[in-house]
Q: 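Submitted below is the structure of interest, expressed as structure tokens.
Count residues from 1 along the sequence.
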Amino acid sequence: MTYTLSTTVDLPWAEALNRTRDALSAQGFGILTEINIRSTFEAKLGTEAADAVGDYVILGACNPALASRALAAEPEIGALLPCNVVVRRNKDADVTTVEAIDPQTMVQLSAAAAVKEVADDAGTRLRNALADLAEAAQ
């Protein structure tokens, strides 16, 4: 089962990360959280673990209007928010991978029609952000 939407871009990791933020913002998503896995691994597990994961950041992206609709329909859906977007690049890679959780994953866990509507809208916006990112990288 595929549970992510993904693209790869021929950009340096830091530039891909910045352009990902911009592409998400253009689709109405703000970044609520940012987790630098590499830095965390380095601090907690050492350099070897950090090098093994490479450059790796998880962005907690949220579109407040969509989140509000989803939470109104099913308050428990908050356990699946925000939409995580990963920007990662292995030290030996020539490209940077950007992956977002597919909002349809929520639909598999909820029978609420309003959740499906939100997931459809969020999915469209995330796909647009990834497509814009890929186009801008060319």
Side-chain angles (χ1 to χ4, degrees):
M1 174 170 102
T2 301
Y3 54 91
T4 61
L5 308 171
S6 179
T7 191
T8 55
V9 292
D10 189 13
L11 293 172
W13 181 80
E15 185 178 348
L17 180 60
N18 287 332
R19 287 190 183 196
T20 299
R21 286 187 193 107
D22 293 344
L24 290 168
S25 178
Q27 292 297 320
F29 290 93
I31 305 301
L32 297 179
T33 60
E34 185 167 322
I35 303 166
N36 188 319
I37 298 296
R38 180 182 184 83
S39 294
T40 301
F41 279 20
E42 179 129 26
K44 303 290 184 180
L45 303 173
T47 302
E48 188 175 320
D51 287 345
V53 75
D55 293 318
Y56 198 117
V57 166
I58 302 171
L59 302 172
C62 179
N63 179 301
L66 295 178
S68 177
R69 288 174 43 208
L71 292 169
E74 192 166 317
E76 299 85 357
I77 211 77
L80 301 175
L81 299 177
C83 294
N84 284 328
V85 178
V86 172
V87 181
R88 63 183 173 85
R89 185 179 183 124
N90 180 297
K91 68 178 180 173
D92 299 322
D94 293 331
V95 295
T96 302
T97 301
V98 181
E99 298 170 303
I101 185 70
D102 186 342
Q104 291 302 316
T105 304
M106 290 189 296
V107 175
Q108 296 172 19
L109 301 173
S110 172
V115 170
K116 180 179 181 345
E117 291 172 14
V118 168
D120 290 346
D121 191 351
T124 297
R125 291 169 185 263
L126 289 169
R127 280 184 189 83
N128 288 343
L130 294 174
D132 291 347
L133 176 63
E135 184 177 314
Q138 292 180 1

Q: Can you confirm whether Gln27 sits close enough to Leu126 that some side-chain heavy atom of one is under 4.5 Å from a side-chain heavy atom of the other?
A: no
Q: Just how far is it from atom OH of Tyr3 to atom OG1 of Thr105, taken to the nearest 0.5 Å?
A: 9.0 Å
Q: Output yes when a side-chain donor or acceptor of Ser39 lies under 3.5 Å from a complementary backbone atom of Asn36, and no otherwise.
A: no
Q: Would you say Val86 and Phe41 are hydrophobically clustered, going by side-chain heavy atoms of ILVMFWY under 4.5 Å?
A: yes
Q: Evaluate the side chain to side chain contact (heavy atoms under 4.5 Å, CB included) criterion for residues Leu24 and Arg125: first the C-alpha distance (whole Å), next the side-chain angles of each, then the deciding distance (0.1 Å), finally the verdict.
A: CA-CA 8 Å; Leu24 290 168; Arg125 291 169 185 263; over 6 Å; no
Q: I'd like to know if the side chain of Ser68 reaches the main chain of Pro64, judged simply by a donor and an acceptor atom lying under 3.5 Å from each other, with no hydrogens or angles considered.
A: no
Q: Looking only at heavy atoms, what is the nearest atom pair of Arg38 and Ala50, with distance?
A: NH1-O, 2.9 Å
Q: With a 4.5 Å cut-off on side-chain heavy atoms, are Glu135 and Thr7 touching?
A: no
Q: Locate the shortest heavy-atom distance separating Ile101 from Pro103; write the atom from each residue and the value.
A: O-CD, 3.1 Å
Q: Are Leu133 and Val57 linked, directly or through other ILVMFWY residues, by side chains that come within less than 4.5 angstrom of each other?
A: yes
Q: Starting at CG of Leu5, measure out to SG of Cys83 and round the result to the nearest 0.5 Å.
A: 9.5 Å
Q: Roughly how far, to the nearest 0.5 Å, is the CG atom of Asp121 from the NZ atom of Lys116?
A: 11.5 Å
Q: Closest heavy-atom contact between Leu130 and Ser6?
A: CD1-N, 3.8 Å
Q: Group every Ile, Leu, Val, Met, Phe, Trp and Tyr by side-chain heavy-atom contacts under 4.5 Å, then state whether Leu81 and Leu109 land in the same group.
A: yes
Q: Tell me whether Ile58 is reachable from Val98 by hopping between hydrophobic residues (I, L, V, M, F, W, Y) whose side-chain heavy atoms are closer than 4.5 Å.
A: no
Q: Give me each pair satisfying side chain to side chain donor-acceptor pair (under 3.5 Å) with a member in residues 83-92, each pair once, sequence neighbours excluded.
A: Arg88-Glu99, Arg89-Thr96
Q: Give me each pair satisfying side chain to side chain donor-acceptor pair (under 3.5 Å) with a member in residues 10-23, each pair once, sequence neighbours excluded.
A: Glu15-Arg19, Asn18-Arg21, Arg21-Glu34
Q: With sequence neighbours left out, write down each residue that passes side-chain hydrogen bond (donor to acceptor under 3.5 Å, both in side chains) with Thr4, or none if nothing qualifies.
A: none
Q: Identify whether Val115 and Leu66 are in the same connected component of the hydrophobic contact network (ILVMFWY, side-chain heavy atoms under 4.5 Å).
A: no
Q: Taking all non-hydrogen atoms of both residues, which atom of Ser110 and which atom of Ile77 are closest, and how far apart?
A: CB-CD1, 4.4 Å
Q: Can you find a heavy atom in the side chain of Gln138 that is under 4.5 Å from one in the side chain of Val9?
A: no
Q: Locate the shortest heavy-atom distance separating Val85 from Ala100; write the atom from each residue and the value.
A: CG2-CB, 3.9 Å
Q: Specify the closest pair of heavy atoms between Leu32 and Pro82, including all atoms of both residues, with the distance to one decimal.
A: CD1-CB, 4.3 Å
Q: Take Leu17 and Leu59 through the side chain to side chain contact (heavy atoms under 4.5 Å, CB included) test and state the conclusion after the steps.
A: CA-CA 9 Å; Leu17 180 60; Leu59 302 172; 4.1 Å; yes
